[in-house]
Amino acid sequence: MASHQKNESISLFGVVLSDTRRFAQITSIMRKFGLGNIVQIVRQSIAGRSFSSQDVIDGFNRNSPEFGAKLRSAIEALGVTYIKFGQMLSTRYDILPKEIIDELSRLQDGSPTLPFDAIESILNDAYGDYHQHFASIEPTPIGAASIAQVHRATLVDQTPVVIKVQRPGLLPLIRSDIDILTIFAKALDASIEELAYFDLPNLVSDFEESIVSELNFDNERANIVYFSQKYADRPEFVFPEPFADLCRNHILVMRELVGKKITTVEPDTPQAHQMAESILSIAFDMVFREGIFHGDPHPGNVFALTDGKIGLLDFGLVGTFTTRQRQNFMHLVMAMQFGDYALAARTLLSLGHATRRVVLDDLEAEIARILQKYLKSSLQDVDVAAFATDFIAAGQKFGVRIPPEFTSAIRALINIEGIISYLYPHLNLIETLTQFAQNIVADNIRKKDFTNQIVQDALSVGEYIRSIPGHATQIMQDLEHDGIAVRIDVQSANILADSINNLATRIALSILLPALALCLFFANWTIPFYTVVVASFLWIGVLAIWHIKAIRERRKVKISPLLSNMKRRMRWF
């Protein structure tokens, strides 16, 4: 983590105290914005108390219809971690309804400006005397976000630059917020059955990875270098060149790009059309060719420069796609173009992870309904955001979990669509994307990548066929020796175990009670020695049975969650 944060306490007591204070603050803010019912549900989940589905429904309904606006206001009041978390959730059409997505998309990643003397102190800590490198720095920032503040400056050689300085003291707050979000996610996941589909603990874990990466400005600098080298043959695009010798993991110094937001260009002109086609082309190449794309291409990060070129800014958030995911995404675009609902349904299954058995015919019927809804009119009028929402909802309906990379790419394309719609209102987006996809397929064939893919697939099939005899032999060995384990439903197993325990208890009591009666009978015949011996052995036997039962039911303590949490904590330092 950044050197200016190394001296922060990491004692267990300090962490617990910080988390407790932060939890109280979160509760207070949520109540302030009328979200106290949600807080109560979370509290009950953490405490392990049961509540009904109606409690959850009532908890949300009481805040409707302005729930989304209240949630957005509360998140902005909670600060950097929750703003970033809300922005991430604004890409998850598989989790939240469109009304909430729209509100979260309006989250302002802003913050009060730091006084210039605080910025000077950070720079002096990093460089000794920052005047040795900078001839001047404008005291008034040109941007102040929740993580960093940006100032114009001039190097000693008069090169115009911008300096992105990370706010001090972020680590304790973000660390506590991640702890609390992790507790919330695990509690809700364990309490509400339908949330299992979303895998909330893993969602928070992915968010932690993202924000840890964003806090280290070395990653953003590496991203800028990667994209500027990868697209060096695209002269219409300019990337902010970083000065490596002046960059730190909490300070980023880049050459200034002089221009204005892309949405200030006069729309529907030859220049605007050319810019729109160039932006759409490079976005498609990033997603479908390279698999590494700008994760937040909103108009504030796409500049029209004074020389007519296009500047791309802010590479702190970058999305990635595997080769298989790129192929699936391309197939989806082409399925939309051709109205092939069967291809779209198979693509959805291949793209996501089925959490339960899916009847393909039913999924195809659902996808056909969606395609007919959006493609019955001109492709030019297709609402990409609404289509993506319905498509992902279809996956959720059939238990197909969509990977977050897909939703991030959808969000990026929706931002691009907004820019394209402004610059070139009559451009047929779906048709253009389809043409790009066809060009990629043609390029792959010319480069013989298509042949290579066939060879790879053939090798995979051959390896699968070769593995069948081995698997068959293993099955026969299992049948011959230990048999084959059969997995049954846990709830059914618990019912069966309880029945066996009750039966064993009744048998033990049916033996014990007559034996005690016999002991008492013989005691009347003045044979106390045999009475004591028989009763003692019976009691010892019963105690032995219960002791063995207790040992068999005893569960080992799992320390892996503790070790995992400790490992997670050490990553911050």
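Excluded from the calculations below are hydrogen atoms, water molecules and symmetry mates; all remaining heavy atoms, backbone and side chain alike, are included. Throughout, residue positions are numbered sequentially from 1 according to the sequence presented.
Remark: aromatic rings of Tyr127 and Phe134 are close, center separation under 6.0 Å. For Phe217 and His250, the distance between ring centers is not under 6.0 angstrom.
For the residue pair Gln149/His151, the side-chain donor-acceptor check at 3.5 Å is satisfied. Checked by atom type, the side-chain pair Ser278/Arg234 shows no donor-acceptor distance below 3.5 Å. Under the 3.5 Å distance criterion, with hydrogens and angles disregarded, no donor-acceptor pair is assigned to the side chains of Thr347 and Asn328. If you check the side chains of Gln372 and Arg369, you find no donor sitting under 3.5 Å from an acceptor.
The pair Lys84-Glu214 counts as a salt bridge, with a side-chain nitrogen and a carboxylate oxygen less than 4.0 angstrom apart.
You'll find the side chain of Thr322 stays beyond 4.5 Å of the side chain of Arg326, heavy atoms only. The shortest side-chain heavy-atom distance between Leu200 and Val204 does not fall under the 4.5 Å cut-off. Side-chain contact between Phe398 and Leu348: absent, with no pair of heavy atoms (C-beta onward) separated by less than 4.5 Å. Looking at Leu305 and Val238, their side chains come closer than 4.5 Å, going by heavy atoms from C-beta outward. The shortest side-chain heavy-atom distance between Val253 and Pro242 does not fall under the 4.5 Å cut-off. Within the 4.5 Å cutoff, the side chain of Ile180 has heavy atoms near those of the Tyr82 side chain. For the pair Asp177 and Ile26, the minimum side-chain heavy-atom distance is below 4.5 Å. With a 4.5 Å cut-off on side-chain heavy atoms, Arg401 and Asp199 count as touching.
Within 6.0 Å of atom CD in Gln274, 12 or fewer heavy atoms from other residues, nucleotides or ligands are found, so the atom counts as exposed in its surroundings.
The CZ atom of Phe406 lies 5.0 Å from the CZ atom of Phe329; values are rounded to the nearest 0.5 Å. Considering CG of Asn124 and CD1 of Ile119, their distance stands at 11.5 Å, rounded to 0.5 Å. Taking CE from Met254 and CG from Leu246, the interatomic distance works out to 12.0 Å, rounded to the nearest 0.5 Å. The CD atom of Glu209 lies 10.0 Å from the CG atom of Asn202; values are rounded to the nearest 0.5 Å. Note that CG of Leu203 is 9.5 Å distant from CG of Leu181, once rounded to the nearest 0.5 Å. To the nearest 0.5 Å, atoms OG (Ser146) and CD1 (Ile174) are separated by 8.0 Å.
Panel note: side chain Asn301, backbone Asp314; no donor-acceptor pair is recorded below 3.5 Å. Judged purely by atom type and a 3.5 angstrom limit, Asp129 has no side-chain atom pairing as donor or acceptor with the backbone of Gln132. Gln229 places no side-chain N or O within donor-acceptor distance of the main-chain N or O of Tyr226, the cut-off being under 3.5 Å. The closest donor-acceptor contact from the side chain of Ser73 to the backbone of Ala69 lies under 3.5 Å. Under the 3.5 Å distance criterion, the side-chain polar atoms of Ser176 are matched with a main-chain donor or acceptor of Pro172. The backbone N or O of Leu313 sits less than 3.5 Å from a side-chain atom of His294, completing a donor-acceptor pair. Remark: the backbone N or O of Ile282 is not paired with any side-chain donor or acceptor of Arg289 at under 3.5 angstrom. Not one N or O on the side chain of Asp268 forms a donor-acceptor pair closer than 3.5 Å with the backbone of Tyr424. With Arg248 contributing its side chain and Asp245 its backbone, the two residues share a donor-acceptor pair below 3.5 Å. Between the side chain of Tyr130 and the main chain of Asp125, no donor-acceptor pair closer than 3.5 Å is present.
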Check step by step if side-chain contact (heavy atoms from CB on, under 4.5 Å) holds for Ser350 and Arg324.
CA-CA 9 Å; Ser350 180; Arg324 185 62 178 271; 3.2 Å; yes

Apply side-chain contact (heavy atoms from CB on, under 4.5 Å) to the pair Leu107 and Leu104, showing each step before the final yes or no.
CA-CA 5 Å; Leu107 279 171; Leu104 294 183; 4.1 Å; yes

Step by step, work out the side-chain contact (heavy atoms from CB on, under 4.5 Å) result for Leu78 and Glu76.
CA-CA 5 Å; Leu78 287 170; Glu76 289 175 341; over 6 Å; no

Apply side-chain contact (heavy atoms from CB on, under 4.5 Å) to residues Phe303 and Val258 and explain how you reach the verdict.
CA-CA 8 Å; Phe303 264 41; Val258 181; over 6 Å; no

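Nearest heavy-atom pair, Ala74 versus Phe33, reported as atom, atom and distance to 0.1 Å: CA-CD1, 3.8 Å. Scanning all heavy atoms of the two residues, the minimum distance from Ala342 to Glu364 falls at CB-OE2, 3.9 Å. Between Cys247 and Leu252 the shortest heavy-atom distance is SG-CD1, 3.7 Å. Shown here for Pro299 and Thr263, the closest heavy-atom pair between the two residues is CB-CG2, 3.8 Å. Between Ile420 and Ala276, the shortest heavy-atom distance links the atoms CD1-O, 3.1 Å. A pairwise comparison of heavy atoms in Ala344 and Ile367 identifies CB-CG2, 3.5 Å as the closest pair.
The aromatic rings of Tyr231 and Phe239 sit parallel to each other, their planes meeting at less than 30°, with 60° as the upper class boundary.
Under the 6.0 Å distance and 45° angle rule, Lys309 does not count as a cation-pi partner of Phe237.
For Ser421, the side-chain contact (heavy atoms from CB on, under 4.5 Å) test picks out Glu417, with sequence neighbours left out.
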